[in-house]
Amino acid sequence: MNAKTNLDGAAPAVKAAPEVRLKGSAVSRGVAIGKIVCLHGTNRQFYRIDIKPSEIEAEIKRLGVAVTLAKRQLTRIASRKAGRIADSGPGIFEAHRMLIEDSSLQTKFEKEITEQNVNAEWAIKHVTDTYVAKYKAIDDEHLRDRYIDIEDVAERILAALGGSSAPKFALGKNAIIAAKELRPSTLIELAEDAPTAIITENGGWTSHSFIIAREMGCPAVTGLKKIFRRIKTGDMVIVDGFNGQVILNPSKETIDRFSAAADADSAKPGSSAKPHGPLKTLDGTTVRIYANSDSPAAYRKAKALGANGIGLYRSEFLFDRFRGVPTEAEQYKAYCLIADSAGEGGVKIRTFDLGAERLLDQNASKEKNPALGLRAVRLGLRFKQLLRTQIRALLRASANRHIDIVIPMVSGLSEIRSVKEMVHHEAELLASKGKSFGSPRLGAMIEIPSAVFMINELVEETDFICLGTNDLIQYLLAVDRDNEAVADWYRSLHPSVLKAVRTVLETANRAGKSAIVCGEMAGSPYYVPMLIGLGATELSMNVHSIEKVARMVAGIAADEAGQLIDSIGSVSTVEEVEETLNQAVKKNWAHLFPPNFSFA
C-alpha cells in the first residue's frame with residue numbers, strides 16, 4: 001500500500017476555497033497528498049510546461065518538424081484511391097492537409113509558444129480550443145461541425161510531436177495526475193517521475209492503466225465525472241485510494257488527519273521476509289509465485305520478496321519505450337536484459353498484444369469494437385513481418401537464457417500452428433546465417449471462450465498455458481471492463497468463470513503441463529483459496545501483491561480450499577458464490593487479512 005504525505009517538507013497553507021469531497025471508485029489503494037497536474041489529449045497525453053526563453057527556438061523547431069510530418073501523412077492518405085478509407089476519405093484528408101498548410105494556424109501556435117513560454121503541445125491545445133469555441137458558436141450546422149476537423153488536425157500534429165524527440169520534463173514533486181482517461185503508455189512514460197497519485201473520469205479496476213498503477217504502488221480513484229470542471233493544475237488535493245474519495249482544497253485539519261492515517265498505514269508490520277525454500281500451503285502443496293514485470297529493476301524487487309521468475313512480460317510496452325515499432329536490435333537487447341535479470345527463474349514474454357491502431361495511421365477509421373477486432377496474435381498473423389521480426393529477436397535472445405514465448409488471444413489450434421511454423425522458419429534462417437539462437441518453449445494465453453472449449457487440443461499443442469483471468473471474465477460475461485456503466489456485471493466469482501477456470505486447470509494438470517494464472521484474481525489474497533481449490537499452483541502478479549499472496553498461501557491448507565470448491569458446487573448464482581467464499585474466509589482465514597478488511 002502506498003502512503004505519500006509530505007509536500008516539499010511542509011504542510012501547505014489553508015486555501016480560501018472551501019473543502020470539497022468527491023466520491024469515486026478506488027482502483028489502487030493508498031493515500032496521497034499533492035498538487036494536480038492536468039493531462040490533456042487522447043492519442044498523446046500531455047500537460048502544460050513552462051519553458052525558459054532560451055528554449056523557445058528549439059520548441060518552435062520541434063513544432064515545425066511535427067507539422068511537416070503531419071503534412072506528409074495527409075498527402076499520402078489523400079492520394080489513396082481505395083483501401084481502408086471510403087471514396088470521400090481522400091477529399092476529407094486533403095482538406096485537413098490544407099488546414100495544416102494554412103500559415104496562420106502554425107503562426108498562432110508559434111506565437112502562443114513565444115508569448116506564453118509554453119510547450120508546443122499546450123500551445124496547440126490552447127489555440128485549437130479557441131478555434132473550436134468559435135466554430136461551435138456558429139448557427140449554420142454545416143459550418144459549426146468544422147470544429148471536428150480542427151480537433152482532428154490538432155490531434156494529428158500532437159501525435160507527430162510525440163515521435164519528434166520531445167525533451168524530457170519532470171512532473172515535479174508530489175504531482176497528482178488528473179485525466180479524463182489515462183492511457184497505459186502515458187503512465188509508463190510518467191513512471192520515472194513517480195506521480196504521487198492518479199484521478200480520472202473513466203476506467204475500471206482491471207483496466208491496464210490501473211493494473212500498472214497498482215504495480216507502481218500509486219493510489220488511484222476513478223469515476224469522477226466532469227472532473228476538469230472542478231479542478232485545475234496546481235490545486236491541492238488528497239486522494240484516498242482506500243475509500244474512493246478525492247478531497248479538493250483540504251483544510252489543514254484534514255491534511256493532518258490523512259497524513260497521520262497514511263503514516264500509520266505505512267508503518268504496519270508486514271511479512272516482508274522472503275520465504276525460505278519453496279512456498280507451500282499448510283498441508284504441503286507447493287505454489288510458485290511469478291512476477292508480472294517489464295523491467296529488470298522491478299523484477300529485482302519482486303525476487304527479493306519471493307518471486308521465482310517472470311510470468312508475464314508485456315512486450316507491447318516496447319512500442320512506448322521506443323516511440324513506435326521497436327527494431328529487432330532494440331527488441332533483442334530488451335529481451336536479453338529481462339531474461340538475464342530473471343536468471344534461472346526464466347521469463348515468459350508475451351508477443352505484442354496491441355490493436356491495429358498502433359500500426360495503422362493514427363487518424364484512420366477506428367474499429368467500432370477493438371476488443372473484438374484486429375489485435376494480439378491476429379494482428380501478428382496479418383502483419384507477418386512484425387511478428388517474424390519479434391520471433392527472430394526472441395530466438396536470438398533465448399540462446400543460453402530461459403525465455404518462453406506466450407501467444408495472446410488464441411482462439412484455436414490454427415494460430416498456434418501458424419506461429420510454430422514461423423518459429424521453425426526463422427530458426428532455419430538464423431542457422432543458415434550462422435547466428436546463435438535458443439529453443440524457447442511456446443505457450444498460449446487462455447483468455448477467450450473458444451480457447452476454453454479447445455483446451456484439450458491446445459494443451460497438447462503447447463508446452464504450457466497462461467490463464468488470463470481479466471480478459472477471460474470480460475469475454476465470458478460480455479462486459480467491457482473499462483466501462484463503469486456495466487461494472488456491476490463484471491464478476492470474478494460468476495459460476496461460469498469458475499467453471500472455465502476449473503476446466504482449464506484440471507486439463508493442464510492431467511496433461512502434466514504448467515498452467516500459470518495471471519490477472520487480478522492471481523494477485524488478490526481474497527481469491528487465493530478459491531484458485532488453489534480449483535487446482536492452481538502457479539500464480540503471476542504485480543510486485544505489490546507478492547507479500548500478501550505469499551502470506552495467504554502459507555496460511556491455508558489445500559484440503560480446506562478443496563472443501564470450499566466442493567461447497568460451491570451446489571450454488572448457481574454469483575451472489576451465492578460470494579457469500580460462500582465470505583463465510584469460508586471469515587471462518588478459516590480472517591487472521592490472514594488486515595483488521596480493517598471488508599468482506600463485502
Side-chain angles (χ1 to χ4, degrees), residues 7-9 34-74 99-133 150-180 182-183 185-196 198 228 231-236 319-324 330 362:
L7 188 69
D8 298 330
K35 292 184 177 180
I36 290 289
V37 173
C38 294
L39 282 188
H40 301 274
T42 55
N43 286 335
R44 175 92 180 165
Q45 293 185 297
F46 57 89
Y47 52 96
R48 173 176 175 141
I49 300 169
D50 295 318
I51 63 176
K52 300 175 183 177
S54 59
E55 298 171 328
I56 289 176
E57 183 178 349
E59 196 67 5
I60 290 177
K61 183 177 180 181
R62 191 166 75 91
L63 171 67
V65 171
V67 169
T68 299
L69 177 58
K71 287 179 184 177
R72 289 174 181 169
Q73 291 175 346
L74 287 168
L99 272 175
I100 293 181
E101 287 187 340
D102 182 351
S103 59
S104 65
L105 186 63
Q106 185 170 348
T107 299
K108 285 183 171 61
F109 293 156
E110 293 175 353
K111 183 179 180 182
E112 187 74 13
I113 293 172
T114 302
E115 294 183 353
Q116 300 301 320
N117 286 17
V118 293
N119 54 314
E121 289 88 349
W122 188 262
I124 292 171
K125 177 191 181 303
H126 189 264
V127 172
T128 301
D129 285 351
T130 302
Y131 271 100
V132 168
I150 296 290
E151 288 181 335
D152 205 1
V153 165
E155 197 63 55
R156 180 176 296 281
I157 300 174
L158 288 169
L161 274 170
S164 61
S165 302
K168 176 66 176 175
F169 295 101
L171 276 175
K173 191 175 181 180
N174 298 301
I176 293 178
I177 298 299
K180 288 187 176 181
L182 186 62
R183 288 169 55 91
S185 57
T186 302
L187 184 53
I188 291 168
E189 289 179 1
L190 296 175
E192 293 181 6
D193 293 328
T196 302
I198 299 165
F228 283 158
I231 62 170
K232 63 182 183 298
T233 294
D235 283 350
M236 178 70 67
F319 275 69
D320 304 304
R321 186 178 304 171
F322 296 108
R323 300 186 184 279
E330 289 169 337
Q362 292 258 12

[X] side, atom [atom1]; [Y] side, atom [atom2] - distance, nearest 0.5 Å:
| X | Y | atom1 | atom2 | result |
| --- | --- | --- | --- | --- |
| Ile157 | Leu63 | CD1 | CG | 7.0 Å |
| Gln116 | Lys111 | CD | NZ | 10.0 Å |
| Glu110 | Gln106 | CD | CD | 5.0 Å |
| Leu39 | Ile177 | CG | CD1 | 4.5 Å |
| Lys108 | Thr128 | NZ | OG1 | 11.5 Å |
| Glu112 | Thr130 | CD | OG1 | 7.5 Å |

Asp50 and Asn117, any side-chain heavy atoms less than 4.5 Å apart: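 In short, these two side chains do not touch, never coming nearer than 4.5 Å.
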
Salt bridge flag under 4.0 Å for residues Lys52 and Glu59: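 Glu59 and Lys52: not salt-bridged.
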
Considering all heavy atoms, the nearest Ile176-Thr196 contact: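 Closest approach of Ile176 to Thr196: CG1-CB, 4.2 Å.
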
For Ile113 against Ala123, the heavy-atom pair lying closest together: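 So the two residues come closest at CG1-CB, 3.6 Å.
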
Expected output: side-chain Asp235 to main-chain Ile36 donor-acceptor under 3.5 Å: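 Such a contact is absent between Asp235 side chain and Ile36 backbone.
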
